[in-house]
Amino acid sequence: RITVAAFCDGVGGAWHEQHKMTEARAHTMVAFLWANGIPSHQLSAEGLGAYFPIGDNHLIHGSAHNRRIEIQWRIDQRVST
C-alpha cells in the first residue's frame with residue numbers, strides 16, 4: 001500500500017484553498033505512479049495543507065521545505081504457520 005501526502009507552506013490563501021491545492025498535488029503524483037506501473041488499488045492520496053511543517057515559514061528555505069510531497073509505503077508480510 002502506498003500513500004502520497006502533499007503539504008504546503010501555509011503562506012497566503014485560505015485553509016480551504018491550501019487543502020484543495022495539496023489534494024490536487026497528491027492526486028497528480030498518484031496519477032504519475034499509476035502511469036508508471038503501480039496498480040491503482042495500492043495507491044491513495046492525501047492533501048494535508050499546512051499541517052506538519054518541517055521548516056520555518058519566515059525563511060525562504062523553510063517555506064520551500066514545507067511545500068513537499070511525501071510517499072509512504074507499507075509492505076504487508078504474512079507469516080505462514
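Just so you know, these numbers use all the heavy atoms, side chains as well, and skip hydrogens, waters and symmetry mates.
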Taking only Lys NZ, Arg NE, NH1 and NH2, and the carboxylate oxygens of Asp or Glu, determine whether R68 and E70 approach each other closer than 4.0 Å.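 Looking at R68 and E70, the cut-off is met.
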
Can a salt bridge be assigned to the pair E23 and K20 using a cut-off of 4.0 Å between side-chain N and carboxylate O?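 A salt bridge is absent here (no side-chain N lies under 4.0 Å from a carboxylate O).
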
Side-chain heavy atoms under 4.5 angstrom apart, residues restricted to Ile, Leu, Val, Met, Phe, Trp, Tyr: same cluster for [X] and [Y]?
X   : Y   : answer
I71 : F52 : no
M21 : F7  : no
I69 : W34 : yes
Y51 : V11 : no

To the nearest 0.5 Å, what is the distance between [atom1] on [X] and [atom2] on [Y]?
X   : Y   : atom1 : atom2 : answer
E17 : T22 : CD    : OG1   : 11.0 Å
R1  : R74 : CZ    : CZ    : 7.5 Å
R67 : C8  : CZ    : SG    : 9.5 Å

State whether the number of non-hydrogen atoms from other residues, nucleotides or ligands found under 6.0 Å of H65 atom NE2 is greater than 12. no

Under 6.0 Å from the CD1 atom of I60, do we count more than 12 heavy atoms belonging to anything else shown?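 Counting other residues, nucleotides and ligands, CD1 of I60 stays at 12 neighbours or fewer.
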
Search all heavy atoms of A50 against all heavy atoms of G10 and return the closest pair with its distance. CB-CA, 3.5 Å

Using every non-hydrogen atom in the two residues, find where D9 and N57 come nearest and quote the distance to one decimal.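 In this case the closest contact between D9 and N57 is O-ND2, 2.5 Å.
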
Taking it one step at a time, do E46 and T3 satisfy side-chain contact (heavy atoms from CB on, under 4.5 Å)? CA-CA 7 Å; E46 198 172 12; T3 301; 3.9 Å; yes

Is there a donor-acceptor contact under 3.5 Å from the side chain of [X] to the main chain of [Y]?
X   : Y   : result
S63 : L59 : no
H19 : L48 : no
N66 : G55 : yes

